[in-house]
Each structure stands twice: as structure tokens, then as C-alpha cells.
Amino acid sequence: MLLHCTDDGPGPVVVLLHGFPLDHTMWDAQRGRIGSVYRVLCPDLRGHGQSPLGDDGASVDAMADDVLETLDHLGLSGPVVLGGLSMGGYVALSIAARHPERLRGLMLINTRSAADTPETARVREGLAQIVESSGQVDPVVGTMLPKLLAPGTAAARPDLAQATSAVMKATAPASVAACLRGLATRPDRTADLSGITLPTLVIAGEHDQLIPRSESEQMARALPHGELVVIPDAGHLAPLENPEATNAAILKYLGSLG
Ligand code: MLT
């Protein structure tokens, strides 16, 4: 499926994949700063933002195939730098594992390689059923939003919490339910990490309530060329909560790729 995709800037291509249930707007601060030096593409993954859901579910591998199809459509079949936050990171890992020839760099941002635990998968299925029966995404937003931002961020920047909530609430109930199931059934990519030979930037949020720091550290260690950067004053949405530090880490990494 072809995805809606923003396309800014000159130079080598950097593709950024958003988290669940967000859209390309979560990268606005990166599009501005990084897009002044690199060509930054930010797709809306299926069922999010301005991209359709389609009729064959929303598995992480299907989302990954959509990204590659969209890049092909844009004439970008050569290797790109790919970054993904949380769900976007699961999609990026799917591409790194299945189509490594499409990448020349990888950024795993506030994300993990592990699959859902059975308990997490069960909670997601319960939420999917509530969203479907109520036709409302509010139960998901209410469950997730307090965990996305660092506690300090929500208090200091209610505008950011409000804007994030608005994007989440704009995601269609059918998309949210399909993605919850896609997330719950994604494969564990931990065993693939040792085979990823690309220089890989792992970004963690100092106060991420969803991904423990130890998990990001383990992931960086398991990658042959992994480097971990911890973003201060940020939770699970580091690029939104601390764009200056996140952009600095990304630009340093991109510069190191030559
Ligand atoms: C995200 O930010 O994309 C979600 O937290 C991913 C997830 O729930 O596993």
C-alpha cells in the first residue's frame, strides 16, 4: 500500500517512522532541523494520519512492506537511513531483518526488539474489543497517554499533552483495533540484532515509562555496532519532549555515516 508521506529537504535520505497511534506530525521538530541538511521523509503508517488502513490487517511486517513500496514509488530503491520510534522501531527492525540491503543506517528510538509478553498481548486484545464495541478510541488514549510522556513533561507542557492526545483521538477506531492486534502478534526480533551489521543509534528517554533503560542498554549491546544515547528530560516520546537533544544525537549519528 502506498502511504501518505512528507518529503522535505536536500541530501541523503532519512526516513522516520512514528509510534502508535500517532502520525507524521510527531516528527515536525526533526523535519525542520534535520530536514535543513538531509532529505527527511515521514510516512503515515497504515491506518494512521492520512494513510488508509487497507483490508488486510495491520501487522508490523505489512507496515514495513508499505514503507518499502512507498520508497520504491518515490524512486528511492537504494539504501536509506531508517529511524523508528516505538511501533515505528518495530517496523524498522522488520525491514532491517528482512531487507537489510535497503538500509545504510538504523535508528531505534524509544523502542524494543522483544515481542509482547502474553499478558501485554491479552491486554491489547481486550482494548481492541472495547474500541470495536464502543466505536471510541478514548479508552486507548486514556490508558496510553499518561505513560507516553515523562511525568514532568505533562505537568510542564500541557499543550504538548493536549496535542498528542488530539492526534491519538483522530486515529480511527478500526485502525486502532487492527494495530493493537498487529502489535500483539509481532515477532520477537531480539535474535536478529546480532546480525544487523549497520551502525545503529539506540535512543532512550531518561524517564521512559514503557521501555526500561536496561532494555535499551541490552539492545545496544546486542547490536554489533550499536550506540546508546539517553535523552534527558524525556519519556517515551523523546523527539517531541526534548527535540534539541534528540536532533543533536541524530545529527551526530548521521554525520558519522558520511
Ligand atoms: C508506541 O509508542 O508506538 C507504542 O507504545 C508501541 C507499543 O505499545 O508497543
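Whatever order the structure lists ligands and atoms in, that order sets their numbers, starting from 1. No experiment lies behind these values; they were computed from the predicted model shown.
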- prompt: Is S51 reaching over with its side chain to a backbone N or O of H4, donor-acceptor style, under 3.5 angstrom?
  reply: yes
Spatial distance of atom CG (L41) from atom SG (C5) [nearest 0.5 Å]: 4.0 Å
- prompt: Any N/O of M87 closer than 3.5 Å to an N/O of ligand 1?
  reply: yes
- prompt: Can D208 and R213 be counted as an ion pair, charged N to O under 4.0 angstrom?
  reply: no
- request: Below 4.0 angstrom from a heavy atom of M144, which ligand 1 atoms are there? Numbered from 1 as shown, please.
  value: 4 (C), 5 (O)
- prompt: Taking a hydrophobic cluster as the set of Ile, Leu, Val, Met, Phe, Trp and Tyr residues connected by side-chain heavy atoms closer than 4.5 Å, whether directly or through intermediates, do L74 and L17 fall within one such cluster?
  reply: yes
task: Just let me know how L210 lines up against ligand 1, side chain, backbone, both or neither, with a heavy-atom cut-off below 4.0 Å.
output: side chain
- prompt: Closest non-hydrogen protein atom to atom 3 (O) of ligand 1, residue and atom name please, with distance?
  reply: F20 N, 2.7 Å
task: Apply side chain to side chain donor-acceptor pair (under 3.5 Å) to the pair D61 and S59, showing each step before the final yes or no.
output: CA-CA 5 Å; D61 286 353; S59 72; 5.8 Å; no
query: Can R98 and S94 be said to form a side chain to side chain donor-acceptor pair (under 3.5 Å), step by step?
result: CA-CA 6 Å; R98 297 186 303 129; S94 166; 3.1 Å; yes
task: Decide whether the shortest distance between a heavy atom of R124 and an atom of ligand 1 is less than 4.0 Å.
output: yes
query: Which ligand 1 atoms, with their elements, are less than 4.0 angstrom from a heavy-atom of Y90?
result: 6 (C), 7 (C), 9 (O)
- request: Answer with yes or no whether H18 contacts ligand 1, where contact means a heavy atom under 4.0 Å from a ligand atom.
  value: no
task: Below 4.0 angstrom from a heavy atom of G19, which ligand 1 atoms are there? Numbered from 1 as shown, please.
output: 3 (O)
query: Any Lys/Arg nitrogen of D65 or R46 sitting under 4.0 Å from an Asp/Glu carboxylate oxygen of the other?
result: no
message: With respect to S86, determine whether any N or O atom, backbone or side chain, lies less than 3.5 Å from an N or O atom of ligand 1.
response: yes
